[in-house]
Protein chains: 2
Amino acid sequence: MAKEHDDTIASRISRVLADRIIRGELAPDARLRQDHIAEEFGTSHVPVREAFRRLEAQGLAVNLPRRGVRVASFDLKEVREVAEMRAALEGLALRHAAQHLTPAILDAAEEATREGDAASDVYAWEEANRRFHRLILAPSDMARLLAAIDDLHAASARFLFSAWQSGWEKRTDHDHRAILAALRQGRADEAAAILQKHVQWIGRAPVRTASGSTREAFAIVG
Amino acid sequence: MAKEHDDTIASRISRVLADRIIRGELAPDARLRQDHIAEEFGTSHVPVREAFRRLEAQGLAVNLPRRGVRVASFDLKEVREVAEMRAALEGLALRHAAQHLTPAILDAAEEATREGDAASDVYAWEEANRRFHRLILAPSDMARLLAAIDDLHAASARFLFSAWQSGWEKRTDHDHRAILAALRQGRADEAAAILQKHVQWIGRAPVRTASGSTREAFAIVG
DNA sequence: GAATTAAAAATTATCTATAATTTGGAAGGA
DNA sequence: TCCTTCCAAATTATAGATAATTTTTAATTC
């Protein structure tokens with residue numbers, strides 16, 4: 001039902017490109033040539049340009065008029081910025097969502113945490129992590145806030161994949177469990193406080209650069 | 001210099017339409033017909049469509065694929081939501097900006113407050129108010145955060161103009177002065193706390209509806 | 001009220017103009 | 001001679017205009 005009828009070519013292109021940027025298949029500063037992309041998707045450049053405007057708004061691409069669109073670059077400063085914005089907004093969302101959380105939702109969130117702990121690669125972990133956050137925040141029923149958080153999660157995931165392309169290690173997410181425990185006991189403010197700390201934790205990993213040397217990469221790991 | 005070289009037709013259209021929506025010249029749910037707008041601006045509909053994507057991302061318009069674009073509607077719930085998001089994000093920005101604030105900036109912010117107090121209509125007041133907030137937050141130097149705050153200010157202004165189309169009364173902004181006083185004394189956290197309260201204050205005003213009766217309208221007045 | 005047709009509007013394709021970039025010398029200097 | 005720098009022509013890509021197509025909405029008929 002509703003197959004993909006409510007879906008324009010532009011939105012499909014923007015989703016696919018966003019995914020490639022997030023996964024690092026399109027590197028920072030890489031040019032996005034509208035005619036090439038149009039050809040790949042078998043369309044004209046018009047919907048491609050519309051997709052570009054969406055990517056710009058998400059902060060995944062930057063446009064230089066008459067000089068083309070490039071994948072947005074990022075640095076440690078922006079990782080920190082996104083972490084703090086997530087802390088502020090997710091804390092707000094959780095305080096509103098708390099009163100609408102049901103045992104069923106909390107159970108689903110715990111299951112997402114287990115799946116994250118069991119994840120064998122960083123992509124699977126990120127998917128489970130994002131699901132956890134979305135599950136406990138969605139009942140806030142604040143559309144604008146949730147959309148903003150989604151865009152921040154996209155940025156987070158990009159930082160994460162950039163740092164941990166390989167070498168992912170399983171670990172147990174104690175923060176998620178502490179958040180769920182607090183929520184089960186109706187301690188919403190405590191849960192929000194843990195969440196805010198949790199989201200601001202920035203992990204670091206050594207990354208092999210193109211030139212063979214290694215540098216440190218940073219990413220939000222919550 | 002640099003006249004409007006770094007400016008596309010699409011961005012100009014999106015700015016003009018955003019302004020009309022914010023000022024209430026384009027009412028909620030009003031249809032935005034791409035061909036009509038294209039004709040008005042003396043262009044084709046292609047840049048108009050790109051402008052629509054930007055308005056969508058700002059939350060000022062909604063797109064129903066193949067059925068056209070409409071001005072986004074809003075309600076008290078969204079006014080509250082925007083107020084809380086502004087509180088969260090402006091608080092964050094101020095805590096980062098505080099250490100970079102100079103006496104010159106604080107003087108300029110005080111001047112903006114005076115201009116707001118002296119404003120004779122709601123449009124002048126909003127301009128001065130926005131300038132105050134931008135002045136004290138910009139030194140945080142967090143581009144993504146400031147862009148998000150700008151979009152929330154646009155939404156705020158729309159709510160305000162919708163409620164106070166006429167009947168604006170001068171008043172003295174004690175909150176702004178308390179914020180500046182705290183900042184001058186280096187009490188950043190206190191300033192941020194006042195700002196957060198300030199931004200969440202929702203004023204109400206009676207509004208004459210089309211049918212002649214009156215209803216209450218709500219808006220962020222900080 | 002359901003079905004059919006006509007009109008309007010959105011989406012996408014194709015085409016054109018213009019700006020930006022690259023390339024290929026030519027001139028000048030060491 | 002070799003290298004660098006500068007300029008102009010050629011190439012490439014973006015931005016926008018115009019044209020074609022599909023979809024939705026309205027009107028009309030049965």
Side-chain angles (χ1 to χ4, degrees), chain A residues 1-21 25-73, chain B residues 1-21 25-73:
Chain A
M1 63 207 68
K3 32 184 181 182
E4 47 194 352
H5 211 70
D6 48 50
D7 205 45
T8 118
I9 293 180
S11 73
R12 193 167 60 86
I13 293 175
S14 105
R15 275 200 308 277
V16 172
L17 291 182
D19 195 58
R20 285 184 195 166
I21 294 170
E25 294 166 21
L26 287 168
D29 286 323
R31 286 192 69 172
L32 298 174
R33 290 197 187 76
Q34 55 182 0
D35 288 353
H36 295 203
I37 293 164
E39 192 178 12
E40 178 194 339
F41 285 87
T43 70
S44 76
H45 73 98
V46 178
V48 175
R49 293 181 58 80
E50 293 184 49
F52 284 172
R53 298 292 91 79
R54 167 94 182 100
L55 294 173
E56 263 189 276
Q58 282 182 290
L60 294 176
V62 290
N63 183 32
L64 299 103
R66 299 236 158 238
R67 302 186 54 185
V69 174
R70 286 174 182 273
V71 175
S73 61
Chain B
M1 60 211 64
K3 33 183 180 180
E4 47 195 352
H5 211 70
D6 48 47
D7 205 46
T8 75
I9 293 179
S11 73
R12 191 166 61 87
I13 294 175
S14 105
R15 274 201 308 277
V16 172
L17 292 182
D19 195 58
R20 286 183 194 165
I21 294 170
E25 295 166 21
L26 288 168
D29 286 322
R31 286 191 68 173
L32 298 174
R33 289 198 188 75
Q34 56 182 4
D35 291 354
H36 296 201
I37 293 165
E39 192 178 10
E40 179 194 339
F41 285 87
T43 69
S44 79
H45 67 251
V46 177
V48 175
R49 293 179 59 79
E50 293 183 47
F52 284 172
R53 300 291 90 80
R54 168 95 181 98
L55 294 173
E56 265 189 275
Q58 281 184 290
L60 294 176
V62 291
N63 183 32
L64 299 103
R66 304 209 164 264
R67 301 186 53 188
V69 174
R70 286 174 181 273
V71 175
S73 61

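In what follows, chains carry the letters A, B, and so on, assigned in the order in which the sequence lines appear, proteins first and then strands, with residues in each chain numbered from 1.
At most 12 non-hydrogen atoms from other residues, nucleotides or ligands lie less than 6.0 angstrom from CD of E39(B).
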Reading nucleotides 9-14 of chain C from 5' to 3' and marking B where a protein heavy atom lies under 4.0 Å of the base, S where only the sugar-phosphate is that close, and - otherwise, the string is SBBBBB
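For the pair L60(B) and R20(B), the minimum side-chain heavy-atom distance is 4.5 Å or more.
The CG atom of L32(B) sits 10.5 Å away from the CD atom of Q34(B) when rounded to the nearest 0.5 Å.
Annotation for R67(A) and R31(A): closest pair O-NH2, 3.7 Å, computed over non-hydrogen atoms. Residues A10(A) and A51(A) come closest through the heavy atom pair O-CB, 3.4 Å.
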